[in-house]
Amino acid sequence: MKDKSLESIGEFGLIDIIKNNFNVKNNSSIVGIGDDSAVISKSKDEYFLISSDMLIEGIHFDLTYHPLKHLGYKAVSTNLSDIYSMNGFANQITINLGLSNRFSLNAIQEFHKGVKIACKEYKIDLVGGDTTSSKTGLIISVSAIGNVLKKKLTLRKTAKKNDIICVSGDLGRSYLGLQILEREKSVFFSNPEMQPELSNYKDLIEKQLKPKARKDLIEKFAEINIIPNSMIDISDGLASDLIHLSIQSKLGVKIYEEKLPILKSTILTANELNLNPTTCALNGGEDYELLFSVNEKDYNTLRDNGIDVTSIGYFTSNEKCTLVSKEDEIISLKAQGWKHF
Ligand code: ADP
Ligand code: MG
């Protein structure tokens, strides 16, 4: 077969190739590659959930402005987000670290302070991992183990036609937080005497440095007996993650620009940086909010219970992913994903 560059295949293309090359064979492997977590048999009523994520210095974080303590917290919460997006709960994590001599014991302990805060907040245990040397900077790989009641398992591929598409929280904040930190870094390096003026952007920077996984929403779903028809967490950006739901559910989506939940501070900062707030919300990524679909009755229950989610559109039968702009133009959504290669 003719060889191809990874750049031409892209992250999602490569994952598809791996998936097609490895059919699951064991009866206990319920869901393999392709959702936020793998699903494994556990007991009569429950499944195990397993998710895995890697963070690499220079690609996913910059130690000039990502403090190690926050990085420890972020590495855990972003991984747990993939367990919650299956409508389950996490119990344990393992962490693999690739370290160089550049780090002291204190630095690693700072990292683990953040891990500990996350363990306490999400009620999970760190139960193992691996430690190795690295010549390419800090490497952090986290795996999480959770469980879900069989009847509550929520996949990417099970959205239904006419389902209402909902998103928790707000979008675009983390990406703009990153842009502000990048700007401060370049200002600081060109003029180290300058005091950073970051207090105006606290909301944005906090979301970038210390994103929370939406365990609270999964708890709410359980309280009010809602099981979404489909769900994914937003890591690559609303557009990409919506396209995952659409392709896997073999349905189209229609969302409305005017309905996207974007905070005023996000809009103001986007304008200041000459960025389009809608583009930041669609393609920024690292929101770690939950994107899910429910039928109209369940949507009304969510609304009646005052749950903090926004309906942004609905699933259609035509397999097209479109955004209706504020000017009523129909715009085709494009997958972004991270450019890893
Ligand atoms: P997420 O953004 O939710 O973490 P990813 O896009 O990273 O999801 O992964 C999508 C799916 O592909 C998941 O099921 C994940 O386990 C799987 N996957 C990603 N990379 C690999 C790999 N190198 N080998 C096997 N499975 C992979
Ligand atoms: Mg995910």
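Both counts, for ligands and for their atoms, begin at 1 and track the order of listing.
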Determine whether the aromatic ring centres of F292 and F221 lie less than 6.0 Å apart.
yes
Best match, D241, D35, I232: closest heavy atom to atom 13 (C) of ligand 1
D35
Considering L14, D82, I33, V31 one by one, which has a heavy atom nearer to atom 26 (N) of ligand 1 than any of the others?
I33
Between ligand 1 and M54, can you find any atom pair, the residue atom being a heavy atom, that is separated by under 4.0 Å?
no
Residue [X] vicinity, atoms of ligand 1 by number, heavy atom under 4.0 Å:
X	result
S235	2 (O)
D53	4 (O)
D36	3 (O)

K185 and E182 ion-paired at < 4.0 Å
no
Would you call R156-D35 a salt bridge at under 4.0 Å N-O?
yes
Taking the side chain as everything from C-beta on, heavy atoms only, tell me whether I164 gets closer than 4.5 Å to E296.
yes
Within the 4.5 Å heavy-atom criterion, are L153 and V39 side-chain neighbours or not?
yes
How does R156 reach ligand 1, by side chain, by backbone, by both or by neither, if only non-hydrogen atoms under 4.0 Å count?
side chain
By the definition side-chain contact (heavy atoms from CB on, under 4.5 Å), identify the one residue from D170, L176, I267 that meets it with I262.
I267
Closest protein heavy atom to [atom], given as residue, atom name and distance to 0.1 Å:
atom	answer
atom 19 (C) of ligand 1	I15 CD1, 3.6 Å
atom 7 (O) of ligand 1	E11 OE2, 4.2 Å
atom 22 (C) of ligand 1	I18 CD1, 3.9 Å
atom 11 (C) of ligand 1	G34 N, 3.6 Å

Tell me yes or no: between the side chains of E46 and N147, is some donor less than 3.5 Å from an acceptor?
yes
Looking only at the side chains, is there a donor atom on one of Y201 and Q179 sitting less than 3.5 Å from an acceptor on the other?
no
Could you tell me which N, O or S atom of [X] is nearest to the Mg ion (ligand 2)?
X	value
D233	OD1
D82	OD1
D36	OD1

S52 N/O under 3.5 Å from ligand 1 N/O:
no
Can you list the steps and then say if S52 with S143 is a side chain to side chain donor-acceptor pair (under 3.5 Å)?
CA-CA 4 Å; S52 196; S143 294; 3.2 Å; yes
